[in-house]
Amino acid sequence: MTMQISPSILSADFARLADEAAAVADVADWLHIDVMDGHFVPNLTIGLPVVSSLLKHTALPLDCHLMIADPDRWAPDYAAAGARNVTIHAEAAEAPVRTLRMIRSAGARAGLAINPGTPVEPYADLLPEIDMLLVMTVEPGFGGQPFLDLVLPKVSRARELVSRHSAEVWLQVDGGVSEETIERCAEAGADVFVAGTAVFGTQDPAAAIECLRSAAAQAARRRGTGPGPG
Ligand code: DX5
Ligand code: ZN
C-alpha cells in the first residue's frame, strides 16, 4: 500500500498560493484544496475561480474537498476544470450516486467524505462508485483543530470495508494529522493523509512532508501493509 501525503493549502498564505504550492511540489503527492461555503461549514474559503487559477501554476494534482451545501450542483464543475480528485460530503449530497458518476465522467477521481459523527457502514454499497473514502478526523470547517482519536475505530472499520471491496479505493484521513497522530491513522489503515498545520505551519513544508511520509510508512509496515524494504 502506497502512503500518500496531501498538504492542505488551508494553512498556507492565501495571497501566495502559487509559491506555497511550489514549496511542496517535489515531495507532495497531491495539493489538498478546502472549498468551504459558509453554509455546510461556518467557514468561507475559496471556490472554482481560485482552483482554476491555481491549476495554471502547479503541476501537482489537485485534491478538492468540497465542504459545501450543494455539491450536486458544483462538484462536476471542479472535475471539468481539471481537479484530479473531487470529494463530496455524504451529509450534503442529495444524489451522491449521480454526482459521483458525473465527477468520474468529467475525468476526475471521485471521493466521498464522512464527518466524525457519520457512520461508514451505510455507505458500503457506494464503494463501487468511489475512488477514495475520506474519514474526517475533526469536525470540518477549520484548520488547526485537535485530532479526534474517537474516529480511529471507524477508520479501521472503513479499512475492512474498503479492502473487502477493492484495493483500488483509497482511504483518506483529514484533520489534526501530524507527526504525532499520523502513525495511529496508518495503523488503522489510512493510506492518504491530509495535513495543513503540520505542513504549512512549519518553516520547511517540504521537510515536514518527508517526516510525515516516513512516519506513515513505518506504521504501515508495523501493520503489515506497508511497502517492503527496498
Ligand atoms: C478541515 C479541512 C482540513 C484542514 C486540515 O475542515 O478539511 O483539510 O485543512 O487542517 P489541519 O491539518 O491543520 O487539521
Ligand atoms: Zn480538507
Side-chain angles (χ1 to χ4, degrees), residues 3-14 17 20-21 23-24 28-47 50-51 54 60-69 71 74-75 78 83-93 108-118 130-152 155 170-186 190-203 205-206 208-209 211-213 215-216:
M3 301 289 115
Q4 302 185 69
I5 309 291
S6 185
S8 165
I9 59 153
L10 186 61
S11 301
D13 181 348
F14 272 20
L17 283 183
E20 298 277 60
V24 296
D29 298 284
W30 294 86
L31 197 61
H32 184 85
I33 314 291
D34 288 304
V35 175
M36 304 186 188
D37 66 351
H39 294 280
F40 179 66
V41 289
N43 202 1
L44 183 65
T45 56
I46 58 170
V50 176
V51 167
L54 201 47
L60 277 173
L62 299 192
D63 167 25
C64 289
H65 175 196
L66 305 188
M67 287 161 278
I68 61 177
W74 294 104
Y78 285 82
R84 193 79 60 84
N85 177 81
V86 181
T87 295
I88 61 170
H89 265 267
E91 302 84 358
R109 296 176 62 93
L112 184 70
I114 52 172
N115 284 341
T118 302
I130 67 174
D131 301 294
M132 184 168 75
L133 178 64
L134 164 52
V135 175
M136 291 300 299
T137 42
V138 298
E139 294 290 357
F142 298 94
Q145 301 182 74
F147 181 81
L148 293 174
D149 276 282
L150 63 85
V151 180
L152 285 172
V155 176
W170 298 343
L171 180 57
Q172 186 178 61
V173 285
D174 180 7
V177 174
S178 68
E179 251 194 277
E180 197 263 315
T181 59
I182 196 167
E183 299 190 20
R184 306 208 279 288
C185 297
D191 57 359
V192 188
F193 306 87
V194 177
T197 310
V199 172
F200 288 110
T202 68
Q203 289 296 317
I209 289 174
C211 288
L212 289 168
R213 189 190 302 286

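Note that ligands are numbered from 1 as they come in the structure, with each ligand's atoms numbered from 1 the same way. Only this structure's heavy atoms are used, side chains among them; waters, hydrogens and symmetry mates stay out.
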Just checking, is any N or O donor in the side chain of Asn85 or Thr87 under 3.5 Å from an acceptor N or O on the other one? yes

Report yes or no: does Asp174 contribute a side-chain atom to a donor-acceptor pair with the main-chain N or O of Met136 at less than 3.5 Å? no

Looking at Trp30, I want to see if its CH2 is surrounded by more than 12 non-hydrogen atoms of other residues, nucleotides or ligands under 6.0 Å. yes

Answer yes if the side chains of Asp34 and His32 hold a donor-acceptor pair under 3.5 Å, and no otherwise. yes

Set of residues satisfying salt bridge (Lys or Arg N to Asp or Glu O under 4.0 Å) with respect to Arg184, sequence neighbours excluded: Asp149, Glu180

Which is the closest N/O/S atom of Asp174 when seen from the Zn ion (ligand 2)? OD2

Any nitrogen or oxygen of Val177 lying under 3.5 Å from a nitrogen or oxygen in ligand 1? Just yes or no. no

Between ligand 1 and Ala198, can you find any atom pair, the residue atom being a heavy atom, that is separated by under 4.0 Å? no

Could you identify the single nearest non-hydrogen protein atom to atom 10 (O) of ligand 1 and state the distance to 0.1 Å? Gly143 CA, 3.5 Å

Which of the numbered atoms in ligand 1 are below 4.0 angstrom from a heavy atom of His32? 8 (O)

Distance-only, no hydrogens or angles: does the Ser6 side chain make a donor-acceptor pair with backbone N or O of Val194 under 3.5 Å? no

Record the part of Asp174 in heavy-atom contact with ligand 1 below 4.0 Å; permitted values are side chain, backbone, both and neither. side chain

Evaluate side chain to side chain contact (heavy atoms under 4.5 Å, CB included) for Leu31 paired with Leu54, printing each intermediate quantity in order. CA-CA 10 Å; Leu31 197 61; Leu54 201 47; 4.2 Å; yes

Test applied, side-chain contact (heavy atoms from CB on, under 4.5 Å); reference residue, Met36; option that passes from Asn43, Ile68, Ile46: Asn43

Which protein non-hydrogen atom lies closest to atom 13 (O) of ligand 1, naming both residue and atom, and how far is it? Thr197 OG1, 2.4 Å

Below 4.0 Å from any atom of ligand 1, is there a heavy atom belonging to Phe147? no

Select one of side chain, backbone, both or neither to describe which atoms of Ser8 lie under 4.0 Å from any atom of ligand 1, heavy atoms only. side chain

Note: heavy atom closest to atom 11 (P) of ligand 1, options Ala113, Pro140, Gly201, Gly144, belongs to Gly144

Among the N, O or S atoms of His65, the one nearest the Zn ion (ligand 2): ND1

Do ligand 1 and Gly141 have nitrogen or oxygen atoms that lie under 3.5 Å from each other? yes

Counting distance only, does the side-chain N/O of Asn115 pair as donor-acceptor with the main-chain N or O of Glu139 below 3.5 Å? no

N or O pair under 3.5 Å between Gly196 and ligand 1: yes

Which N, O or S atom of Asp34 lies nearest to the Zn ion (ligand 2), by name: OD1

For atom 1 (C) of ligand 1, what's the nearest protein heavy atom and its distance? Phe142 O, 3.5 Å

Tell me the protein heavy atom at minimum distance from atom 2 (C) of ligand 1, and give that distance in Å. Asp34 OD1, 3.4 Å

Quick check on contacts: which atoms of ligand 1 are under 4.0 angstrom from a heavy atom of His65? 7 (O)

Please state which protein non-hydrogen atom is closest to atom 14 (O) of ligand 1 and give its distance, to 0.1 Å? Gly176 N, 2.8 Å

Within-cut-off N or O pair, Gln145 and ligand 1, under 3.5 Å: no

